[in-house]
Amino acid sequence: MKSEYTRLSRVEDFVTRLIGSAGVSGQIFVQTLPVTLKKGWRDMVLVDVGRGKQNGAYMSYTVNVYLYGRPTGDLQKKDAELIDGMEEKFREAVRQSSDKHYEITEEWCDSGYDTARNFHFNVVSCTVKAHE
């Protein structure tokens with residue numbers, strides 16, 4: 001039986017609240033980034049929740065959290081310190097999470113560069129289990 005907590009939008013809300021309460025970034029977006037980025041933004045987060053699948057008494061979702069940091073200097077160097085700080089705050093929030101309807105665990109991480117937006121990023125992929 002599916003509950004209201006297994007709705008995709010509720011899972012997105014859970015993850016964005018987790019990120020916001022941990023102080024990872026003031027710019028948190030779901031599914032897509034805005035077309036125009038403000039010059040004052042040094043960082044931002046994109047939450048991408050994939051399709052859920054029934055797994056016994058709960059629904060399981062893959063959630064990719066993209067931690068974006070603006071490059072520094074003329075050489076567009078990755079601001080590793082900024083992104084590492086964001087990642088540490090997010091990972092700590094995952095470790096401390098005690099929501100009664102959602103269980104979040106980290107699966108893997110990677111890094112990349114978004115040429116369209118000129119931002120470096122680390123992506124942390126998690127599994128979220130939603131249950132009654």
Side-chain angles (χ1 to χ4, degrees):
M1 178 172 127
K2 292 183 181 178
S3 77
E4 63 186 85
Y5 301 103
T6 63
R7 294 180 193 156
L8 188 78
S9 59
R10 300 277 175 109
V11 175
E12 291 169 341
D13 183 61
F14 162 70
V15 176
T16 57
R17 282 186 292 111
L18 188 68
I19 292 166
S21 67
V24 175
S25 176
Q27 291 73 237
I28 304 170
F29 304 98
V30 176
Q31 299 299 81
T32 59
L33 291 171
V35 174
T36 305
L37 306 180
K38 295 187 179 179
K39 290 187 185 239
W41 291 352
R42 289 189 57 228
D43 59 63
M44 60 187 170
V45 176
L46 174 65
V47 176
D48 184 17
V49 178
R51 180 178 62 175
K53 66 178 181 178
Q54 189 71 42
N55 204 347
Y58 60 87
M59 291 285 288
S60 180
Y61 296 86
T62 298
V63 179
N64 292 322
V65 176
Y66 293 82
L67 307 166
Y68 283 86
R70 189 179 293 279
T72 61
D74 291 339
L75 300 176
Q76 301 300 301
K77 178 181 166 195
K78 181 177 182 176
D79 192 340
E81 184 177 344
L82 170 68
I83 295 173
D84 181 64
M86 295 169 69
E87 189 172 342
E88 180 57 33
K89 287 178 183 177
F90 176 64
R91 286 180 161 181
E92 183 62 26
V94 168
R95 285 191 292 272
Q96 298 293 324
S97 178
S98 60
D99 191 282
K100 65 182 181 177
H101 300 290
Y102 301 102
E103 178 184 331
I104 183 169
T105 54
E106 183 181 339
E107 300 297 330
W108 55 266
C109 60
D110 200 0
S111 64
Y113 183 73
D114 184 332
T115 56
R117 292 171 183 85
N118 195 30
F119 268 71
H120 293 274
F121 65 86
N122 284 6
V123 57
V124 181
S125 185
C126 299
T127 297
V128 174
K129 292 179 182 176
H131 47 85
E132 296 279 338

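By convention here, the first residue in the shown sequence is residue 1.
The two atoms that bring Cys109 and Glu87 nearest to each other are SG-OE2, 4.2 Å, heavy atoms only. Here the shortest heavy-atom pairing between Ala130 and Thr6 reads O-CG2, 3.8 Å. When every heavy atom of Pro34 is checked against every heavy atom of Arg117, the shortest pair comes out as O-NE, 4.1 Å. Looking at every heavy atom in both residues, Ser125 comes nearest to Thr62 through OG-CG2, 3.8 Å.
Between atom CD of residue Glu12 and atom CD1 of residue Ile28 there is a gap of 13.0 Å, rounded to the nearest 0.5 Å. Rounded to the nearest 0.5 Å, atoms NZ (Lys129) and OH (Tyr61) are 14.0 Å apart. In this structure, CE in Met86 is found 13.0 Å from CZ in Arg91, a value given to the nearest 0.5 Å. Note: Met59 CE to Lys53 NZ = 10.5 Å, rounded to the nearest 0.5 Å. A distance of 11.0 Å separates NE2 of His120 from CG of Leu82, quoted to the nearest 0.5 Å. The CZ atom of Phe119 sits 10.0 Å away from the CD atom of Gln76 when rounded to the nearest 0.5 Å.
Applying the side-chain hydrogen bond (donor to acceptor under 3.5 Å, both in side chains) rule to pairs touching residues 19-41 yields Ser25-Asp43, sequence neighbours excluded. Each salt bridge (charged side-chain N to carboxylate O under 4.0 Å, His left out) pair with one or both residues in residues 17-33, not counting sequence neighbours, appears once here: Asp13-Arg17.
With sequence neighbours excluded, the residues satisfying side-chain contact (heavy atoms from CB on, under 4.5 Å) with Tyr66 are Leu46, Asp48, Asn64, Tyr68, Phe121, Val123. Scored by the side-chain contact (heavy atoms from CB on, under 4.5 Å) test, Ser98 finds no partners at all (sequence neighbours excluded). Listed by chain and residue number, Tyr5, Asp99 satisfy the side-chain contact (heavy atoms from CB on, under 4.5 Å) test with His101 (two or more places apart in sequence, or in another chain). Residues passing the side-chain contact (heavy atoms from CB on, under 4.5 Å) test with Val94 are Leu18, Phe90, Ile104, sequence neighbours excluded.
Residues Leu8 and Val15 share a hydrophobic cluster, clusters being chains of Ile/Leu/Val/Met/Phe/Trp/Tyr side chains in contact below 4.5 Å. No chain of hydrophobic side-chain contacts below 4.5 Å, direct or via other Ile, Leu, Val, Met, Phe, Trp or Tyr residues, connects Leu33 to Val45. Two different hydrophobic clusters hold Met44 and Val124 under the rule that ILVMFWY side chains link at heavy-atom gaps under 4.5 Å.
Summarising the local packing, CZ of Arg95 is surrounded by more than 12 heavy atoms from other residues, nucleotides or ligands at distances under 6.0 Å. Within 6.0 Å of atom CZ in Arg42, 12 or fewer heavy atoms from other residues, nucleotides or ligands are found, so the atom counts as exposed in its surroundings.
Considering only heavy atoms from C-beta on, Tyr102 stays 4.5 Å or farther from Ser97 through its side chain.
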